[in-house]
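Quick note: residue numbers are just sequence positions, from 1.
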Amino acid sequence: MISNVLSVVFGGLVPGFLLGLLAFRVKSRWCPRCGESTHTMPLPGHDR
């Protein structure tokens, strides 16, 4: 009985956790104001 409950609980938590990580990574790629990518390639000839 208890093992069945634990398997159902963990079976629901693991996919939810992974989807949460994926959603955070996808969200952090784009600027929330303008929609541009947050990881831009530096222009040739411009050193930081």
Check your understanding: Which ILVMFWY residues are connected to Met1, directly or by a chain of links, through side-chain heavy atoms under 4.5 Å apart?
Key -> none
If Ile, Leu, Val, Met, Phe, Trp and Tyr residues are connected whenever their side-chain heavy atoms lie under 4.5 Å apart, and connections chain through other members, are [X] and [Y] in the same group?
X: Leu6; Y: Val14; value: no
X: Ile2; Y: Val9; value: yes
X: Phe17; Y: Phe10; value: no

